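Structure first, then comments.
Reminder, nothing fancy here: chain letters follow the sequence lines and each chain counts from 1. Bear in mind the structure is a predicted one, so any value in this text is a computation, not a measurement.
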There are 2 protein chains.
Amino acid sequence: MDEFSLIRTIFQRPELTTAGGQLDMGIGDDCALVPLSSEHQLVQSIDTLVADVHFPAGGDPFLIGYRSLAVSVSDLAAMGATPHSFFLALTLPEADTKWLEQFSNGLAAMAKEAGISLAGGDTTCGPLTISVHVQGFVPKGRALMRSGGKPGDLIYVSGHTGEACAALPYILNQRAVTTKAEQKLVDRYWQPTPRIKLGQWLLEHGATAAIDISDGLAGDLGHILKASGCGAELNSSRVPISPELKETCGEWALDKALCGGDDYELCFCWPAGKAIPSDIPVTARNLGFMTDRSEQFLIDGQDVSNFCAGSYRHF
Amino acid sequence: MDEFSLIRTIFQRPELTTAGGQLDMGIGDDCALVPLSSEHQLVQSIDTLVADVHFPAGGDPFLIGYRSLAVSVSDLAAMGATPHSFFLALTLPEADTKWLEQFSNGLAAMAKEAGISLAGGDTTCGPLTISVHVQGFVPKGRALMRSGGKPGDLIYVSGHTGEACAALPYILNQRAVTTKAEQKLVDRYWQPTPRIKLGQWLLEHGATAAIDISDGLAGDLGHILKASGCGAELNSSRVPISPELKETCGEWALDKALCGGDDYELCFCWPAGKAIPSDIPVTARNLGFMTDRSEQFLIDGQDVSNFCAGSYRHF
């Protein structure tokens, strides 16, 4: 059973989801929304990284700390939120002070970049596991959701996709880094860029839907299609492939860019005919468009609705 | 290095704690406070339970679920908060549907009891680890803190302490349960009672400080003494020992009641001369009193400031 079905069937039950305080949105999107003042909503998300599942246990602790916070902050970016604070639940086999200091330096570097404060945490002894709970604010009712896409909307992507996935053989020490291109992929794996400012700009200027790419461009666009009740047609020649990905992966570059996870770029829907200024960091402009054919996913006219079933899924 | 020093030295740095949104209180108490509307503050906490460290991996999944949420909700009770919602970060070795359903039933039972909604989560594959982030609300500026105790205040405790600790040999299958008394201790370990209503009553009626007992009555009272800059004198004959604890542990009962962790009862400071109605579930009335001798801890006149150094500490 994949993560989505699992959470739905086991946890999305009224006894759990409506047992107490009212939520504007709970399970089912990148973040939960808690109604607060008359002007804002609190946006919150939690993510766990497990050693040797989501990152190599022997990795540089600075980079592990940096990446742990970055992947959670990315969920706030996908909602257009302004980051506020986070909680850290850190389980580790021993209290290795040097490791912890470097880990904490990495956290601090990302915290500064994102403008987010550590608000609390718990440190326990056990197999290395890192859970980060993040929260931020959006103007009430304005959060970017997966469900707002409409037929005719254009599909855009920030940055380049597929790079983190292409880095895996180097991260796992199956291959040695010998070129600048390979090093760039490795850097993108360890230090993804949560698109906070882009998310806020999109919220302010009328994007209809957004998601951050953790499961792969095709897989995450699939989440938008499902939530929005739309289909999509993509033009593969517009998929954002970096020169470094092309150099390293050759003919597999498109496959990585479409299905590789862990990039934490934003994929979003944008009303057709509305311009995006050239200084907004959107690499793939008009990658394709949304259709009214529910969940039908075409690339270059070919039905690939199940094409990326192999993209990263928990379990 | 114990948990408290570890968190302080590694994480309580301005680059982390003041990198973004303003907090009324961050690291250092049971919960963090986030300023929100003009009337309320959000109270939040995260706790992790690791299999075979904090509970036996082979335990009843219903009870694991129940207890996981209860121990986090107890932090809200200690602040006098009204529970609102929680996030679950669940790492488990395989997607065992039956286990997950029972776990979820246990969560739901506690969620109903506490009036708290599941707001989101993350499920990952790895060694069984459970992190729960909880949040609730308090009237602004009214949260019960560890730091409010004053010389002359009386010290009170809810319920009975030491029972969860005394249950460990049975929980760990080192001994078989053969008496009703032993079964009651085991039940208290698995199904602690977060004292939510008591916490709210204490907030409303003027308790000066409170903490939930996770590290042991003496250890947690020590946290109040440190935060409040006070000392305390306890009368051991007033320590709340249940008949079941007495029957099972005999001459060790007082030791368990003073130093055993995991009870999740509330210990609090109360202004002398102010009555607590008899229907408020406080077992140990006037267990002792606060003094102006900073962190000096006397029991029956004997200095035991380091008496419970062996009480439960992470690492």
Exercise for review: Look at the rings of Phe87(B) and His133(A) and say which category their plane angle falls in: under 30° parallel, 30 to 60° tilted, over 60° perpendicular.
Suggested key: perpendicular
**Study point:** Spacing of Asp122(B) atom CG and Leu49(A) atom CG [to the nearest 0.5 Å]
**Key:** 8.5 Å
Review point. How long is the gap from SG on Cys125(A) to CG on Asp52(B), to the nearest 0.5 Å?
Key: 12.0 Å
Revision key, fill the gap. Tightest non-hydrogen contact, residues Pro127(A) and Val50(B), listed as CD-CG1, 4.0 Å
Review point. Taking all atoms of both residues into account, what is the closest heavy-atom pair of Ala89(B) and Thr48(A), and its distance?
Key: CB-OG1, 3.2 Å
Check your understanding: Does a side-chain heavy-atom distance below 4.5 Å link Leu42(B) with Leu42(A)?
Key -> yes
Revision key, fill the gap. Of all heavy-atom pairs linking Ile46(B) and Leu88(A), the shortest is CG2-O, 4.1 Å
